[in-house]
Amino acid sequence: MTNEEIVTMLNHDLSGEIEAILVYMRDSFVTDDCKPSREMEEIAKDEMRHAEKLAELIVDLGGVPTMEHRPLNFGGHTLKGYLSRLVTLEKEAIAMYREHIAEIPDEKIKKVLTHILHEEEEHLEEFQKLLASVQ
Ligand SMILES: [Fe+2]
Ligand SMILES: [Fe+2]
């Protein structure tokens with residue numbers, strides 16, 4: 001696997017983090033209830049740390065970190081809709097990190113991605129709990 005191929009994968013991961021940061025921040029602005037709003041804000045900060053770690057790995061490999069992301073989808077106009085979307089984003093991130101951890105041979109990169117993966121699993125659990133509490 002070439003560095004360029006690894007950079008492409010890491011930029012995919014980074015793109016997902018950028019999307020998550022923007023969606024979670026915006027959701028925290030429009031959510032009145034204190035608990036979900038705070039949680040969205042805190043998790044957006046975790047995603048920013050993930051973005052930083054990925055960007056560092058990309059630069060170390062000679063790549064340029066992307067700032068691109070898919071069109072933002074907020075899951076409708078209700079708290080339940082927002083939280084369902086956040087659950088989906090975390091599930092997508094978990095699937096992608098698992099795939100990349102299995103594919104990328106570099107041990108240092110695997111370790112960073114595994115650390116991020118564990119945090120995404122915690123985020124998923126947190127958003128699922130919040131979603132269950134609004135149903
Ligand atoms: Fe993340
Ligand atoms: Fe996450």
Side-chain angles (χ1 to χ4, degrees):
M1 184 173 287
T2 65
N3 280 3
E4 217 178 334
E5 286 168 327
I6 298 176
V7 164
T8 300
M9 281 186 205
L10 295 175
N11 262 330
H12 251 108
D13 297 330
L14 177 56
S15 179
E17 296 291 348
I18 305 280
E19 182 182 356
I21 293 164
L22 296 172
V23 173
Y24 300 0
M25 265 176 60
R26 177 272 184 191
D27 284 352
S28 79
F29 297 152
V30 298
T31 299
D32 293 328
D33 292 348
C34 185
K35 191 174 164 26
S37 173
R38 271 292 168 83
E39 211 59 59
M40 289 161 176
E41 188 189 335
E42 284 312 307
I43 294 179
K45 290 177 187 168
D46 284 346
E47 310 304 7
M48 194 172 169
R49 278 187 285 271
H50 298 168
E52 274 183 289
K53 283 184 187 154
L54 293 168
E56 278 168 17
L57 291 174
I58 290 165
V59 169
D60 285 349
L61 290 167
V64 178
T66 186
M67 287 295 127
E68 284 176 18
H69 56 79
R70 297 185 297 188
L72 301 181
N73 169 358
F74 300 106
H77 304 282
T78 62
L79 180 56
K80 197 175 155 184
Y82 307 156
L83 289 168
S84 300
R85 181 69 191 144
L86 303 193
V87 163
T88 301
L89 287 175
E90 292 296 338
K91 282 183 180 169
E92 285 178 1
I94 288 167
M96 189 147 71
Y97 283 119
R98 282 194 183 139
E99 211 180 291
H100 290 176
I101 290 162
E103 284 176 21
I104 295 173
D106 183 292
E107 285 305 321
K108 185 187 142 210
I109 297 174
K110 268 184 201 294
K111 216 173 141 188
V112 174
L113 297 188
T114 303
H115 178 85
I116 295 175
L117 170 65
H118 291 154
E119 292 198 351
E120 308 302 10
E121 286 166 347
E122 285 171 20
H123 296 165
L124 175 61
E125 212 174 292
E126 197 53 52
F127 287 143
Q128 279 172 330
K129 257 193 248 162
L130 287 168
L131 180 60
S133 75
V134 297
Q135 276 168 340

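Whatever order the structure lists ligands and atoms in, that order sets their numbers, starting from 1.
- Per residue E120, closest N, O or S atom to the Fe ion (ligand 1): atom name OE2.
- Looking at H50 and the Fe ion (ligand 1) together, the shortest N, O or S contact belongs to ND1.
- The shortest heavy-atom contact between L131 and K80 is CD1-O, 3.6 Å.
- Around the Fe ion (ligand 1), the two atoms OE2 of E17 and OE1 of E47 are separated by an angle of 150°, to 10 degrees.
- Atom CE of M96 has more than 12 neighbouring heavy atoms from other residues, nucleotides or ligands inside a 6.0 Å radius.
- With 2.8 Å as the limit, H123 counts as an N, O or S neighbour of the Fe ion (ligand 2).
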For this session: Determine, step by step, whether V30 and F74 satisfy the side-chain contact (heavy atoms from CB on, under 4.5 Å) criterion, reporting the C-alpha distance in whole Å, the side-chain angles of both residues, the deciding distance to 0.1 Å, and the verdict.
Result: CA-CA 11 Å; V30 298; F74 300 106; over 6 Å; no

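- Inclusion of E90 in the first shell of the Fe ion (ligand 2) is supported: an N, O or S atom falls under 2.8 Å.
- When every heavy atom of M67 is checked against every heavy atom of I18, the shortest pair comes out as SD-CD1, 3.7 Å.
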For this session: Evaluate the side-chain contact (heavy atoms from CB on, under 4.5 Å) criterion for residues E90 and I43: first the C-alpha distance (whole Å), next the side-chain angles of each, then the deciding distance (0.1 Å), finally the verdict.
Result: CA-CA 11 Å; E90 292 296 338; I43 294 179; 4.2 Å; yes

